[in-house]
Amino acid sequence: MTNVPVIEPRSVLVVEDSAVLRHLLSHSIRNDPRLRLVDAVESAEEAIRLVPHLRPDVISMDVCLPGMDGLEATRSIMTHCPTPIVIVSDALDAQVSMNALRSGALAVIEKPRGLTSDAGRAAVRAITTQLYIMSQVPVIRRRLMMAEALPQVGAMVTPWPVQPRLLALAASTGGPRAFAQVLGALPVDFPIPVVVVQHMGGPFMEGFAHWLDQQVPMSVSVASHGETLRPGHVHVAPGDRHLTVGAGGEAILMDTPPVQGQRQSASILFSSVARVFGRNAIGVLMTGMGEDGAQGLGDMRRAGAYTITEDRSTAVIHGMPGAAERSGATCISLPLPEIAPHVARIIADSAVSPDMRPPLPGRQPPRNMT
């Protein structure tokens with residue numbers, strides 16, 4: 001007889017000042033075999049007091065609370081007792097969402113409307129599913145690491161003989177902070193265009209681009225169909241459309257079906273970069289759940305481009321970069337603080353004869369493509 005392993009339900013703390021939603025969330029969690037409700041409270045102060053004792057696997061956190069708000073509570077919890085936190089916001093407010101992610105929350109979800117309707121109950125069930133997913137994400141204290149220098153890892157590798165004309169980056173969960181750190185370390189006069197895919201709902205994208213524009217030296221905007229990709233500017237994929245690059249170096253937006261459940265798709269972007277720019281591009285795949293981006297990054301590497309993945313040591317979720325590493329799609333895996341200096345070095349060295357270039361540091365996964 002085969003022994004089936006027993007999977008322990010993930011413990012949840014609900015922090016919600018609306019009595020109705022607090023009751024519905026609690027009821028939905030109790031009826032979900034994947035989850036176990038440890039408490040439901042209406043204030044941030046009570047949550048902060050309980051977390052060290054209850055040690056929940058995940059927290060559902062309201063933003064507008066009596067006294068201390070949910071964002072301040074998130075910062076406090078992530079400083080003193082790191083725990084996966086899902087923010088449940090009254091509205092799809094981009095500024096609140098960006099501040100929540102900067103505070104250490106892993107995800108932001110809109111509060112359901114019409115709580116007693118079928119749609120409202122379905123939205124509550126979607127929150128419990130997100131809580132279960134995020135409960136499995138490892139977190140560390142105040143996972144911002146914006147200025148931390150990490151030791152170099154692994155062996156020395158030979159520089160890639162590229163003449164970069166485009167930098168393409170993608171991320172999902174944990175991406176906003178990763179983009180702020182990497183792009184924040186590149187200069188305002190960065191000599192090539194930058195294209196970005198961040199998995200995020202359509203209503204958030206304008207706010208995300210505006211927020212990122214305030215965090216980094218380069219200018220940032222949501223990409224428009226047909227616009228020329230220009231040096232020193234970050235072009236962000238819009239919500240619910242794929243971003244690709246055209247043969248003339250322009251942004252092409254597509255309404256084709258989602259890929260691996262994503263639209264915007266990192267693989268769609270990377271594959272188009274491989275077709276248009278060949279070896280003359282750099283691709284970077286950072287933190288995120290799932291495997292989006294791995295196939296497209298592999299296309300870039302096969303075309304001769306230089307490809308980078310975020311190392312497990314700093315990724316909030318190593319799913320996407322891990323999938324790329326396993327498939328042989330990455331030339332090098334680096335901790336987050338080392339990515340921007342590495343990119344800058346490649347671009348600086350691109351004007352130097354290959355035999356005059358010193359080696360670049362980093363951990364190099366096997367080069368075989370499967």
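Because its NZ or CZ atom is not both nearer than 6.0 Å to the ring centre of Tyr132 and within 45° of the ring axis, Arg10 does not count as a cation-pi partner of that residue.
Side-chain polar atoms of Thr330 and Glu325 form no donor-acceptor pair below 3.5 angstrom. In the model, Thr307 has no side-chain atom that pairs as donor or acceptor with a side-chain atom of Arg301 under 3.5 Å. A donor-acceptor pair shorter than 3.5 Å can be found between the side chains of His235 and Glu227. Residues Ser333 and Arg312 have side chains that never bring a donor and an acceptor to within less than 3.5 angstrom of each other.
Remark: Met286 engages Leu169, Ala171, Ala178, Phe179, Val182, Val284, Glu310, Leu336, Ile339 in a side chain to side chain contact (heavy atoms under 4.5 Å, CB included) (not counting sequence neighbours). Every residue two or more places apart in sequence or in another chain that forms a salt bridge (Lys or Arg N to Asp or Glu O under 4.0 Å) with Arg49 is listed here: Glu46. Arg55 pairs by the salt bridge (Lys or Arg N to Asp or Glu O under 4.0 Å) definition with nothing, not counting sequence neighbours. Residues passing the salt bridge (Lys or Arg N to Asp or Glu O under 4.0 Å) test with Asp39: none are found, sequence neighbours excluded.
Heavy atoms only, all atoms of each residue included: Pro337 and Pro341 are closest at O-CD, 3.4 Å. The heavy-atom pair separating Gly288 from Ser172 by the smallest distance is CA-CB, 3.6 Å. Nearest heavy atoms, His242 versus Gln262: CE1-O, 3.4 Å. Closest of all the heavy-atom pairs between Arg177 and Trp211 is N-CH2, 4.5 Å. Here the closest non-hydrogen pair linking His27 and Asn31 is NE2-ND2, 2.9 Å. Among all heavy-atom pairs drawn from Leu285 and Gly293, the shortest one is CD2-C, 3.8 Å.
Side-chain atoms of Leu183 and Met218, non-hydrogen and from C-beta on, do get closer than 4.5 Å to each other. Between Ile308 and Leu334 the shortest side-chain heavy-atom distance falls below 4.5 Å. Between Pro82 and Ile77, every side-chain heavy-atom pair lies at or beyond the 4.5 Å cut-off. In this structure the side chain of Pro56 never reaches within 4.5 angstrom of the side chain of Val12, judged on heavy atoms. By the 4.5 Å heavy-atom criterion applied to side chains, Thr83 and Val58 are not counted as neighbours. Looking only at side-chain heavy atoms (C-beta outward), Ile133 and Leu131 stay at 4.5 Å or farther from each other. Annotation: side chain of Val88 is not in contact with side chain of Asp62 (no heavy-atom distance under 4.5 Å). Annotation: side chain of Pro164 is in contact with side chain of Ile346 (closest heavy-atom distance under 4.5 Å).
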Before you tell me yes or no, could you show the steps for Met320 and Glu291 under side-chain contact (heavy atoms from CB on, under 4.5 Å), namely the whole-Å CA-CA distance, both residues' side-chain angles and the distance that decides it to 0.1 Å?
CA-CA 4 Å; Met320 288 162 55; Glu291 298 186 354; 5.9 Å; no
Go through the steps to decide whether Leu65 and Met61 satisfy the test side-chain contact (heavy atoms from CB on, under 4.5 Å), and finish with yes or no.
CA-CA 9 Å; Leu65 296 167; Met61 179 74 72; 4.1 Å; yes
side-chain contact (heavy atoms from CB on, under 4.5 Å) between Ile59 and Val15, intermediate numbers included
CA-CA 7 Å; Ile59 299 171; Val15 188; 3.9 Å; yes
Criterion side-chain contact (heavy atoms from CB on, under 4.5 Å) on Tyr306 and His342, from CA distance to verdict
CA-CA 11 Å; Tyr306 193 89; His342 198 81; 2.8 Å; yes
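Checked against Asp32 for a side-chain hydrogen bond (donor to acceptor under 3.5 Å, both in side chains), the options Arg30, Arg34, Arg36 give a single hit: Arg34. Each of Gln295, Met300, Arg275 was scored for a side chain to side chain contact (heavy atoms under 4.5 Å, CB included) with Phe270, with one residue passing: Met300. When each of Pro9, Pro84, Ser11 is paired with Asp57, the side chain to side chain contact (heavy atoms under 4.5 Å, CB included) condition holds for Ser11 and for no other.
Considering CG of Leu166 and CG of Asn280, their distance stands at 10.5 Å, rounded to 0.5 Å. In this structure, CG in Leu35 is found 11.5 Å from OG in Ser26, a value given to the nearest 0.5 Å. In this structure, the separation between OG on Ser60 and CD1 on Ile85 is 10.5 Å, given to the nearest 0.5 Å. Between His80 atom NE2 and Arg75 atom CZ the span is 12.0 Å, to the nearest 0.5 Å. Distance check: Asp292 CG to Ser267 OG gives 5.0 Å after rounding to the nearest 0.5 Å. Taken to the nearest 0.5 Å, the CD1 atom of Ile29 stands 9.0 Å off from the CG atom of Leu13.
Ser327 contributes a side-chain N or O that, together with a main-chain N or O of Ala324, makes up a donor-acceptor pair within less than 3.5 Å. Using a distance-only test at 3.5 Å, with no hydrogens or angles considered, no donor-acceptor pair links the side chain of Thr287 to the main chain of Gly175. Looking only at distances, a side-chain donor or acceptor of Arg263 sits under 3.5 Å from a matching main-chain atom of Asp240.
Residues Leu297 and Val195 share a single hydrophobic cluster, defined by chaining ILVMFWY side chains whose heavy atoms lie under 4.5 Å apart. There is no path of hydrophobic side-chain contacts, each under 4.5 Å, that joins Leu229 to Ile268.
Residue pairs that meet the side chain to side chain donor-acceptor pair (under 3.5 Å) test with at least one member in residues 214-224, sequence neighbours left out, are His210-Gln214, Ser219-His233, Ser221-His233.
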Name the atoms and distances for all side-chain donor-acceptor pairs under 3.5 Å in residues 243-259, with sequence neighbours left out.
residue, atom, partner, partner atom, Å
Thr244, OG1, Ile252, O, 3.0
Glu250, OE1, Gly248, N, 2.9
Asp255, OD1, Arg241, NE, 3.1

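Taking 4.0 Å as the cut-off between side-chain N and carboxylate O, Glu16 and Lys111 count as a salt-bridged pair.
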